*Asks:* 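Once you've had a glance at the structure underneath, I'll fire off some questions.
Letters A, B, ... are given to chains in the order of the sequence lines, protein chains preceding strands, and every chain is numbered from 1. This one's a predicted model, so the numbers in the text were calculated from it and none came from an experiment.
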Number of protein chains: 2
Amino acid sequence: MANRSDTKTRILDAAEKLFAERGFSETSLRLITSKAEVNLASVNYHFGSKKELIRAVLARYLDVFMPVASARIVTLQSSEEGASLNDIFSSLVEPLLDLNQLRAEGTSTFLQLLGRGYIESQGHLRWFITTHYGEHLTQFVKAVADSAPHIPPAEMFWRLHFTLGTVVFTMASADALTEIAAADFNEHNDIEAVIRKVIPYLSAGVSVPVN
Amino acid sequence: MANRSDTKTRILDAAEKLFAERGFSETSLRLITSKAEVNLASVNYHFGSKKELIRAVLARYLDVFMPVASARIVTLQSSEEGASLNDIFSSLVEPLLDLNQLRAEGTSTFLQLLGRGYIESQGHLRWFITTHYGEHLTQFVKAVADSAPHIPPAEMFWRLHFTLGTVVFTMASADALTEIAAADFNEHNDIEAVIRKVIPYLSAGVSVPVN
DNA sequence: CTCTATTTAAAACACTCGTTTAAATTAAAC
DNA sequence: GTTTAATTTAAACGAGTGTTTTAAATAGAG
C-alpha cells in the first residue's frame with residue numbers, strides 16, 4: 001500500500017463536483033482526472049470502471065445519509081402518535097443539511113447527484129440504490145402512507161413518484177433556478193431555502209383527497 | 001425536387017420514437033437512419049445537424065399544440081369569472097389528447113419529448129422553446145397566477161418549476177411507471193389516466209397557502 | 001539494503017459519434 | 001431526349017470515448 005494525498009479521494013472529489021454540475025454521461029474520465037490532477041488510468045485501477053465510480057460517488061453520501069434519515073423517522077413515529085406529512089418531510093431536512101459538514105456544498109451536491117442519477121441511468125443506478133438501501137426506502141414509504149391513510153396504496157404510488165419528480169428535477173436545476181430567482185425577484189436563496197419551499201408543495205399534493 | 005415516400009418524414013417519425021424512448025444524446029443518428037431505412041447522410045442533408053433535427057421533432061408537435069392550448073385558455077378566461085387551477089390544467093388535457101389523432105401515441109410521445117428536452121438540453125432547446133413559443137408560455141403563467149392571487153409572484157415562480165418538474169419527470173418515465181403500477185396494483189393506466197391523476201396533485205401544491 | 005507488491009505513468013487500442021465529401025442516381029424542366 | 005437540379009449512396013474523416021497494456025516509479029516488509 002502506497003500513495004500520496006489519496007488518489008482515490010481526489011478522484012471522488014473531482015468526480016462528484018463534475019457529475020453534479022454536468023451529469024454523468026456528459027462528464028468524461030479525462031475531464032475528471034485532469035481536474036483531480038491524477039492519471040487517466042487510475043480511475044480504472046481504483047474503481048474498475050466508470051459505472052462503479054458513479055456508484056462509489058453516490059455511496060459515499062448515501063452511506064452517511066440513509067441511516068441518519070432512517071433513525072429520524074423511527075424516532076418521529078415512536079414519539080408522537082400521528083406524524084404529519086410535513087413532519088416526515090421536514091425530518092429529512094437536518095440530515096440533508098448535515099451533509100454540508102461532510103463536505104463543502106455537500107447538501108446540494110448530493111441532491112443534484114440523486115437527481116442526475118434518477119434521470120440519466122437506465123437501470124444500473126436504480127438497481128444499486130434499491131438493493132443497497134431498499135429497507136430505508138420502504139420504511140420511508142410506509143411512514144408516508146401511514147400519515148395519509150385516506151390515500152389508497154395505488155394512488156400513493158403515483159403521488160410519491162410525482163414527489164420524486166419534483167425533488168429530482170428541482171435539485172438537478174437548482175443552481176439555474178436560484179440564479180433566475182435572484183435576477184427576476186431579487187430573492188437570494190440557498191439550498192435550504194429551496195428545500196423549505198418545496199416541502200409544503202409536496203405535502204399538499206400527496207395528501208389532497210382523491211376526486 | 002424529388003423523393004420517394006418522403007425521407008424527411010421517415011426520419012422525423014423514427015427520431016421522435018427513439019428520442020422519446022431513450023433520450024436525445026443516447027440516440028445516435030445511425031440508429032435513427034437504420035430504423036427509418038434511409039441513408040445516414042440524409043439527416044445532415046435534410047436537417048443540417050442533429051440539433052436541428054431535435055428541434056424539428058419538437059416543433060412538429062409544438063406548432064400544433066401551442067395555438068390550440070392558448071385558445072383554450074383564452075376562452076376559459078373570457079367565459080367565466082375566476083377559473084380554478086384545476087380548470088386551467090384540465091383545459092390542456094383535450095389539446096394534449098388530440099395529439100393522438102396527429103400520430104399514434106402522439107400524446108405520450110410529445111410529453112416524453114418535452115420531458116427529455118427540459119432534462120437533457122444544456123440551453124439550445126430552452127432557448128428554442130422560449131423564443132418560438134414564449135408568448136403562449138407567459139400567457140399560461142399569467143392565467144395560473146390570476147387563479148391563485150394569494151401566492152406572491154416569487155413563490156409562484158418556484159411552484160411552477162416544481163410543477164414542471166413533476167410533469168416532466170413523470171412523463172419521461174411514464175412507461176416504466178405504468179408497468180410497475182400494472183404489476184404491483186393490477187392498475188392498467190394509459191397516458192390520459194396518468195394526466196388525470198397528476199392534475200389534482202399539481203393544483204393542490206401550487207395553491208397551498210404559504211407558511 | 002533487497003525484494004516484493006502496490007501504485008502511477010504514458011501510450012495505444014478499439015470503438016462510437018456527428019459530419020463531410022464525392023460520386024451515383026433519380027426526378028424535374030425545357 | 002437532353003440538360004439541370006435535387007436527392008441518395010457509400011466511404012472516409014476527425015474527434016472523442018472508456019478501457020487495456022506495458023513499463024516505470026514508489027513504498028513497505030524482512
Side-chain angles (χ1 to χ4, degrees), chain A residues 1-59 113 116-117 120-125 127-128, chain B residues 1-59 113 116-117 120-125 127-128:
Chain A
M1 299 168 196
N3 47 16
R4 52 170 173 162
S5 64
D6 222 10
T7 304
K8 224 168 156 177
T9 305
R10 296 177 64 86
I11 293 173
L12 287 171
D13 290 344
E16 75 166 35
K17 190 170 181 332
L18 292 167
F19 284 154
E21 283 174 6
R22 317 157 40 96
F24 299 113
S25 63
E26 299 295 319
T27 304
S28 69
L29 295 184
R30 281 168 178 81
L31 182 59
I32 294 171
T33 52
S34 75
K35 290 274 180 190
E37 297 181 271
V38 301
N39 188 270
L40 168 61
S42 56
V43 172
N44 288 287
Y45 176 77
H46 284 288
F47 297 95
S49 68
K50 186 182 180 180
K51 276 188 181 177
E52 290 174 83
L53 170 62
I54 294 173
R55 289 200 281 261
V57 165
L58 264 144
L113 288 172
R116 303 280 187 189
E120 281 194 37
S121 85
Q122 314 88 322
H124 82 100
L125 263 185
W127 172 87
F128 171 73
Chain B
M1 300 168 196
N3 48 17
R4 51 172 172 159
S5 67
D6 222 8
T7 303
K8 228 169 154 175
T9 305
R10 296 177 63 86
I11 293 173
L12 287 171
D13 290 343
E16 76 167 33
K17 189 169 176 348
L18 292 166
F19 284 155
E21 284 173 4
R22 318 157 41 99
F24 300 114
S25 61
E26 299 294 320
T27 304
S28 70
L29 295 184
R30 282 169 177 81
L31 181 59
I32 293 171
T33 51
S34 74
K35 291 273 181 191
E37 296 180 271
V38 301
N39 189 272
L40 168 62
S42 57
V43 172
N44 288 286
Y45 176 77
H46 283 287
F47 297 95
S49 67
K50 187 182 179 180
K51 275 188 182 178
E52 290 174 84
L53 170 62
I54 294 173
R55 288 199 281 262
V57 166
L58 263 142
L113 288 171
R116 302 280 187 191
E120 281 194 38
S121 85
Q122 315 88 322
H124 80 101
L125 264 185
W127 172 88
F128 171 74

*Asks:* Are any non-hydrogen side-chain atoms of Phe47(A) and Arg55(A) less than 4.5 angstrom apart?
*Replies:*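 When only atoms from C-beta onward are counted, Arg55(A) and Phe47(A) do not touch, as no gap falls below 4.5 Å.
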*Asks:* What is the separation between atom CG on Asn39(B) and atom P on dT26(C), rounded to the nearest whole Å?
*Replies:*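 Value for this atom pair: 14 Å.
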*Asks:* Please report, rounded to the nearest Å, how far the C1' atom of dT8(C) is from the CZ atom of Phe47(A).
*Replies:*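 My rounded result for the distance is 15 Å.
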*Asks:* Rounded to whole Å, please give me the gap between CG in Leu31(A) and P in dA15(D).
*Replies:*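 Nearest whole value for this atom pair: 19 Å.
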*Asks:* For Thr27(A), is there any backbone N or O sitting under 3.5 Å from a side-chain donor or acceptor partner on Arg22(A)?
*Replies:*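 Side chain of Arg22(A) to backbone of Thr27(A): no pair is present.
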*Asks:* I'd like to know if the side chain of Lys50(A) reaches the main chain of Phe24(A), judged simply by a donor and an acceptor atom lying under 3.5 Å from each other, with no hydrogens or angles considered.
*Replies:*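 A pair under 3.5 Å: yes.
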*Asks:* Quick check on dT6(C): is either OP1 or OP2 less than 4.0 Å from any side-chain nitrogen or oxygen of His46(A)?
*Replies:*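 Result: no.
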*Asks:* Check whether any side-chain N or O of Ser42(B) sits under 3.5 Å from a backbone N or O of Val38(B) as a donor-acceptor pair, and report yes or no.
*Replies:*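 No, Ser42(B) side chain to Val38(B) backbone: no donor-acceptor pair under 3.5 Å.
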*Asks:* Less than 4.0 angstrom between a side-chain N/O of Thr7(A) and OP1 or OP2 of dT7(C), yes or no?
*Replies:*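 Indeed not, no polar side-chain atom of Thr7(A) lies that close.
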*Asks:* Using a cut-off of 4.0 Å between protein heavy atoms and nucleotide atoms, how would you tag nucleotides 16-23 of chain D 5' to 3' with B, S and -?
*Replies:* -BBBB---
*Asks:* Check the distance between dC17(C)'s P and Leu18(B)'s CG and give it to me in whole angstrom.
*Replies:*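 Those two atoms, CG and P, are 12 Å apart.
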*Asks:* Without swapping roles, check the side chain of Glu16(B) against the backbone of Val57(B) for a donor-acceptor pair under 3.5 Å.
*Replies:*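 No, Glu16(B) side chain to Val57(B) backbone: no donor-acceptor pair under 3.5 Å.
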*Asks:* Determine yes or no for a side-chain-to-main-chain donor-acceptor pair under 3.5 angstrom, with Arg116(A) supplying the side chain and Ala20(A) the backbone.
*Replies:*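 It does hold such a pair.
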*Asks:* Whole-Å distance between dT8(D) C1' and Arg10(B) CZ?
*Replies:*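 Spelled out: CZ on Arg10(B) to C1' on dT8(D) is 13 Å.
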